[in-house]
Amino acid sequence: MAGTKALLTLENFINGEFVPCNSYLDSYDPSTGDVYCRVPNSGKEEIEAAVEAARAAFPGWSARSPQERSQVLHRLADLLEQSLEELAQAESRDQGKTITLARTMDIPRSVQNFRFFASSILHHTSECTQMDHVGCLHYTMRAPVGIAGLISPWNLPLYLLTWKVAPAIAAGNTVIAKPSELTSVTAWMMCKLLERAGVPPGVVNIVFGTGPRVGEALVSHPEVPLISFTGSQPTAERITQLSAPHCKKLSLELGGKNPAIIFEDANLEECIPTTVKSSFANQGEICLCTSRIFVQKSIYSEFLEKFVEATRMWKVGIPSDPSASMGALISKAHLEKVRSYIKKARTEGARILCGEGVDTLSLPPRNQAGYFMLPTVITDIKDDSCCMKEEIFGPVTCVVPFDSEEEVIQRANSVKYGLAATVWSSNVGRIHRVAKKLQSGLVWTNCWLIRELNLPFGGMKSSGVGREGAKDSHEFFTEIKTITIKH
Ligand SMILES: NC(=O)C1=CN([C@@H]2O[C@H](COP(=O)(O)OP(=O)(O)OC[C@H]3O[C@@H](n4cnc5c(N)ncnc54)[C@H](O)[C@@H]3O)[C@@H](O)[C@H]2O)C=CC1
Ligand SMILES: N/C(=C\C=C\C(=O)O)C(=O)O
């Protein structure tokens, strides 16, 4: 382990200033297993300071016009874009993802999040209705809610943090954000740009530390009336319990056990590479990743052979290798958890066709203790196996055959989650029928993860509460009022 002096040390960002903390957590480089960074281990005291700053900043920020706030968001987007390479390098090192993904997806999308909400905030209108027979005019108006608590996970650190910060401040709220303690670096780097972008002190406060300590202090604070959370279902349950006594507004974007349904008339040339990507992108650490692949029986053998061949080409490498498709998993504990699912599948009699325990992973000596594993394909597995029911959140996918449309819809819907699905077929009628019947907040047909940020994003059942997007995020981050004028 490196000496404390060599470690990158982060500080909280409260009221426009970097503030040291009296306690720190170690943060690991997933590609080596070495501690390389110290993250503030904040608690109630830091939340109190952040609430005070956010409360003081609210009247001024919320009184600005949408145009003025929009300009600030555009400037922040420009500054992030100018730092794209530096941010991508940092994200890749902190999270374990490939530099290529950080450069082409995470950081560009973070920039886009600010540009998108800088634009969409200018285009909201409100409703108005007449009741001439009683001489009344009714209209609605929206106002920012106040101090927004934003809690984000480790898989897409800056991407998901900015997806919350941007709509919250665009609507005139002030925010206290808590990124994952496992991936705090790019949030801290963004704080360095806020003043230059023209974000007034106290509008964006970022407090680092663990969920149970600082996360719960934020969620329980009576002056924080809304919480936007992305992460796991058990944590969402805890947040819901803590928020209930205060009747807080909640937006919960949780996990998935996402099916890919592949009919015999699918274009396999497109379907196979896209389904490899949807299963293993970002090490399978995206809530939208495919983890149950249902293939119609008549093409099952052909699909399986080609899919395994394509999976073996999905190169695992050190995150800085620009030719790698997959880097390291987030942590040792997470790697062990993912591996435990594969062990369990084996004991249940499933077959592991490639990856963990079947193929050999070769890594440079410096990375032997990193949290790497090969993309793994499981078959001959029952629908009630935990690998087919629980969110693994790693590079593991199960492939099983099906006979009919009705059967596959029922099986796809048979889990507690309902976030995202893909459907592959060249029959438009079938695509419509299946998409309509799937219990899933998002259905991509003949594609995956093509995002239209205007439209609702989120899940049903245990995959969450609420939606995010232009209109949905605006509605969440504002309170609506109906006003009646008698004339
Ligand atoms: N969007 C998604 O679907 C995600 C799902 N996961 C799932 O969750 C599993 C566990 O990953 P974790 O990092 O432990 O997820 P998590 O849900 O514990 O963490 C997400 C965020 O919530 C915070 N948090 C944790 N406990 C909290 C509490 N009691 N009060 C307030 N905030 C709290 C964390 O510090 C982090 O910022 C993963 O293996 C994966 O299955 C993880 C990340 C994202
Ligand atoms: N929420 C997650 C992904 C969102 C992607 C998007 O907005 O495009 C997740 O993986 O947790």
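Each residue takes its place number in the sequence, starting with 1. Both counts, for ligands and for their atoms, begin at 1 and track the order of listing.
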(request) Under 4.0 Å, heavy atoms only, figure out whether ligand 2 is touched by the backbone of R109, its side chain, both or neither. (result) side chain

(request) Describe, in one word, how the ring planes of F393 and H334 are oriented to each other, choosing from parallel (under 30°), tilted (30 to 60°) and perpendicular (over 60°). (result) perpendicular

(request) For atom 14 (O) of ligand 1, decide whether some protein heavy-atom distance is shorter than 4.0 Å. (result) no

(request) Tell me which one of G211, G231, S152, S180 gets a heavy atom nearest to atom 21 (C) of ligand 1. (result) S152

(message) Using a 4.0 Å heavy-atom cut-off, which part of I286 comes near ligand 2: side chain, backbone, both, or neither?
(response) both

(request) Pick whichever of C287, S232, G464 has a heavy atom sitting closest to atom 11 (O) of ligand 2. (result) C287

(request) Taking only heavy atoms of E181 into account, list the atoms of ligand 1 that are under 4.0 Å away from them. (result) 34 (C), 35 (O)

(request) Measure from atom 1 (N) of ligand 1 to every heavy atom in T230, L182, I227 and give the option owning the shortest one. (result) T230

(request) Considering non-hydrogen atoms only, spot the tightest contact between A350 and I378 and give its length. (result) CB-CG2, 3.7 Å

(request) Could you list the atoms of ligand 1 found under 4.0 angstrom from a heavy atom of G215? (result) 30 (N), 31 (C), 32 (N)

(request) Kindly indicate whether a cation-pi arrangement holds for R451 with W444, taking the cut-offs as under 6.0 Å to the six-membered ring centre and within 45° of the axis. (result) no

(message) Under a 3.5 Å distance rule, please check whether R38 uses its side chain to pair with a backbone N or O of S27 as donor and acceptor.
(response) no

(request) Mind checking the CG-CG spacing from N113 to L80? Nearest 0.5 Å is all I need. (result) 10.0 Å

(request) Please work out whether the ring planes of W163 and F116 are parallel, tilted or perpendicular, with thresholds of 30° and 60°. (result) tilted

(request) Determine if the distance from atom 39 (O) of ligand 1 to the closest protein heavy atom is below 4.0 Å. (result) yes

(message) Going by the closest heavy atom to atom 7 (C) of ligand 1, which one wins out of E391, K337, E390?
(response) E391

(request) Compare I286, I392, T235 and give the one whose heavy atom is closest to atom 25 (C) of ligand 1. (result) T235

(message) Test your reading of the model: is there a side-chain donor-acceptor pair from R69 to the backbone of A170, 3.5 Å cut-off?
(response) yes

